[in-house]
Amino acid sequence: MKLTMPRYDQAAVLVVGDVMLDRYWHGGTSRISPEAPVPVVRVDQIEDRPGGAANVALNIAALGVRALLVGVTGNDEAAESLGDSLRGAGVDAHFQRLDGQPTIVKLRVMSRHQQLLRMDFEEPFNTDTAAMAREVEALLDGVKVLVLSDYGKGALQNHQALIQAARSKGIAVLADPKGKDFSIYRGASLITPNLHEFELIVGGCADEAELVSKGATLMRELELGALLVTRGEHGMTLLRPEHAPLHLPARAREVFDVTGAGDTVISTLAASIAAGEELPLAVALANLAAGIVVGKLGTAAISAPELRRAVQREEGSERGVLSLDQLLIAIEDARAHGEKIVFTNGCFDILHAGHVTYLEQARAQGDRLIVAINDDASVSRLKGPGRPINAVDRRMAVLAGLGAVDWVVSFSEDTPERLLGQVRPDVLVKGGDYGIDQVVGADIVQAYGGEVRVLGLVENSSTTAIVEKIRSK
């Protein structure tokens, strides 16, 4: 299964569910309280993050998708903080604000990246379900996916009305279920219980075969389009009627905090499906995203550059020989991570010590080095009959094996000027003893504010000299 990044910027997702505020009090601990055997935390930082359905919407927006949110809050300071955070992240939030009831807040006391205490502030909401249904229906136009983010806090009380409203418009419905009654999600396109939630409904599963069998029965009984069971360190299992089960291994390198991992899964799924991705590929992307988020502290949104880099790593395109389209995506990702792009070019027909030294010096000018090489036809035009000695694919493979080189791309023109206009490197590097104004493409790079640098070459190292020496023997 080949992974690619969907066009998230062309998608829209509506999230409906239980919004909450995740509040963190951070501080150091250096002593035990004289009043009780507990650590004293000197709070020096307070951090608010959207949680629950709000975190799902935040994750969707972080991937570049247009995210809309409908939820219930109190009419208080916590609701203001929640609304400010969401608006700042580009989420179009619509709150049913209730007087006399608190916004759900989960307060965590943190010290040295460890959670010492959690306090929950919440009361069951008396939601106006008719008003919520009207609000949701008014927002469905242009939306590709509806997400029901259900934490059992009272915002969602008439699931079937929302599911039917979306399905009547051809909109996929994804639900992150809670509770012991999954019949309320009947007709959903996909539900995403974790293994514990799944087994509460169907009973214990001794092995994968039993999980698959009980999952198939559940899908049939509830008329579900698909079922995704998240299984922690055992990964995920996707079940679909008339399809073989898809088991994906967990991708986390190190689990630091599982808070919000379920939100990450359903948000990445929703964003990917809304962007037109097939379900198995959307699940694979969600699996990668979950592997990233559990390495972070607390609820955290996964950005498109983070996910793109994980996809590149998965597909082996983080380094090496790339097409122009792949290169432009890799550059976009590198820039999103604040990396400086260096560009150099040449024929590199027979790689020698001078080339290696020069490329190491070029790499030192920034964070990522692109080496653009002339294809075979352009080398022949530049160097004459009998050149190149090595075909372009071999020259690219050798360059890609050097530790100093990040990406290798070929071009067919005699000069890299057209390529420079597309790549727009931060630094253009050339080796030789001529001035900057003599470097091909220098005017292009300088016009948009880039730098041009000339590096010296190692003496007595020349491809032409090597070729002549070989031919004379």
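The first residue in the sequence is number 1, and the count goes up from there. Side chains included, hydrogens not; waters and symmetry mates left out as well; all remaining heavy atoms used.
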Colleague: For Leu402 and Arg363: C-alpha separation, side-chain torsions, deciding distance, then whether side-chain contact (heavy atoms from CB on, under 4.5 Å) applies.
Modeller: CA-CA 11 Å; Leu402 297 178; Arg363 178 65 168 76; over 6 Å; no
Colleague: Are a donor atom and an acceptor atom from the side chains of Asp48 and Ser81 found within less than 3.5 Å of each other?
Modeller: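 There is such a pair between these side chains.
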Colleague: Please tell me if the side chains of Ile331 and Ile370 come closer than 4.5 Å, counting only heavy atoms from C-beta onward.
Modeller: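 Ile331 vs Ile370: side chains touch.
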Colleague: If we check side-chain hydrogen bond (donor to acceptor under 3.5 Å, both in side chains) with His26, which of these qualifies: Arg108, Gln45, Glu47, Arg112?
Modeller: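 With His26 as partner, Arg108, Gln45, Glu47, Arg112 yield a single side-chain hydrogen bond (donor to acceptor under 3.5 Å, both in side chains), made by Glu47.
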Colleague: When you compare the side chain of Leu148 with that of Val173, does any pair of heavy atoms fall below 4.5 Å?
Modeller: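 With C-beta onward as the side chain, the pair touches.
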Colleague: Report the C-alpha distance between Glu278 and Arg240 in whole Å, list the side-chain angles of each, state the deciding distance to 0.1 Å, and finish with yes or no for salt bridge (charged side-chain N to carboxylate O under 4.0 Å, His left out).
Modeller: CA-CA 13 Å; Glu278 294 294 327; Arg240 294 172 293 164; over 6 Å; no
Colleague: Can Arg418 be said to sit on top of Phe411's aromatic six-ring, NZ or CZ under 6.0 Å from centre and within 45° of the ring axis?
Modeller: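 Not flagged: Arg418 not positioned over aromatic ring of Phe411.
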Colleague: Does the side chain of Leu227 reach to within under 4.5 Å of the side chain of Leu222, using non-hydrogen atoms?
Modeller: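 They are not in side-chain contact.
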Colleague: Where do Leu324 and Leu419 land on the side-chain contact (heavy atoms from CB on, under 4.5 Å) test, with the steps shown first?
Modeller: CA-CA 9 Å; Leu324 177 57; Leu419 186 59; 3.6 Å; yes
Colleague: Taking 4.0 angstrom as the limit, do Glu77 and Arg23 come out as a salt bridge?
Modeller: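 The answer is yes: the pair qualifies as a salt bridge.
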Colleague: For atom NZ of Lys153, decide whether the heavy atoms of other residues, nucleotides or ligands shown that lie under 6.0 angstrom number more than 12.
Modeller: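 Atom NZ in Lys153 is crowded, with more than 12 foreign heavy atoms closer than 6.0 Å.
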Colleague: Give, for atom NZ of Lys178 and atom OG of Ser149, the distance between the pair rounded to the nearest 0.5 Å.
Modeller: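 Answer for the NZ-OG pair, Lys178 versus Ser149, is 7.0 Å.
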Colleague: Output the distance between atom CD1 (Ile266) and atom CG (Leu228), rounded to the nearest 0.5 Å.
Modeller: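 The CD1 atom of Ile266 sits 9.0 Å away from the CG atom of Leu228.
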Colleague: For Val19, which of Val56, Val72, Leu69 qualifies under side-chain contact (heavy atoms from CB on, under 4.5 Å)?
Modeller: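 Exactly one pass, corresponding to Leu69.
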Colleague: Could you tell me whether Arg231 atom CZ has more than 12 heavy atoms of other residues or ligands within 6.0 Å of it?
Modeller: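 Atom CZ in Arg231 is crowded, with more than 12 foreign heavy atoms closer than 6.0 Å.
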Colleague: Could you check Tyr151 against Ile104 for side-chain contact (heavy atoms from CB on, under 4.5 Å), going step by step and ending with a plain yes or no?
Modeller: CA-CA 11 Å; Tyr151 280 78; Ile104 298 172; over 6 Å; no
Colleague: Looking at Arg186, I want to see if its CZ is surrounded by more than 12 non-hydrogen atoms of other residues, nucleotides or ligands under 6.0 Å.
Modeller: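 Yes, because the 6.0 Å sphere around CZ of Arg186 holds more than 12 heavy atoms from other groups.
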Colleague: Do Pro6 and Leu285 come close enough that some side-chain heavy atom pair is under 4.5 Å?
Modeller: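 SC-SC contact between Pro6 and Leu285 confirmed.
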Colleague: Quick one: does Val409's side chain get under 4.5 Å of Val423's, heavy atoms only?
Modeller: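 No; the side chains remain at least 4.5 Å from each other.
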Colleague: Whether Arg97 and Glu80 form a salt bridge (side-chain N of Lys/Arg under 4.0 Å from carboxylate O of Asp/Glu) is what I want to check.
Modeller: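 Looking at Glu80 and Arg97, the cut-off is met.
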Colleague: Any heavy-atom pair between the side chains of Met396 and Ile373 that's under 4.5 Å?
Modeller: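 In short, these two side chains touch, coming nearer than 4.5 Å.
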Colleague: Might you work through the side-chain contact (heavy atoms from CB on, under 4.5 Å) test for Ile341 and Trp407, ending with a clear yes or no?
Modeller: CA-CA 11 Å; Ile341 308 299; Trp407 303 306; 4.2 Å; yes
Colleague: Under 4.0 Å between a side-chain nitrogen and a carboxylate oxygen: does that hold for Asp426 and Lys340?
Modeller: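 No, this pair does not count.
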Colleague: Can you list everything that forms a side-chain contact (heavy atoms from CB on, under 4.5 Å) with Val212? Sequence neighbours excluded, please.
Modeller: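 By the side-chain contact (heavy atoms from CB on, under 4.5 Å) rule, Val212 matches Leu239, Pro245, His247.
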Colleague: If you define the side chain from C-beta out and look only at heavy atoms, does anything of Asp141 sit under 4.5 Å from Lys169?
Modeller: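 A side-chain contact exists here, since the closest heavy-atom pair is under 4.5 Å.
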Colleague: Measure the shortest side-chain to side-chain distance between Phe121 and Asp76 over non-hydrogen atoms and say whether it is less than 4.5 angstrom.
Modeller: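 In short, these two side chains do not touch, never coming nearer than 4.5 Å.
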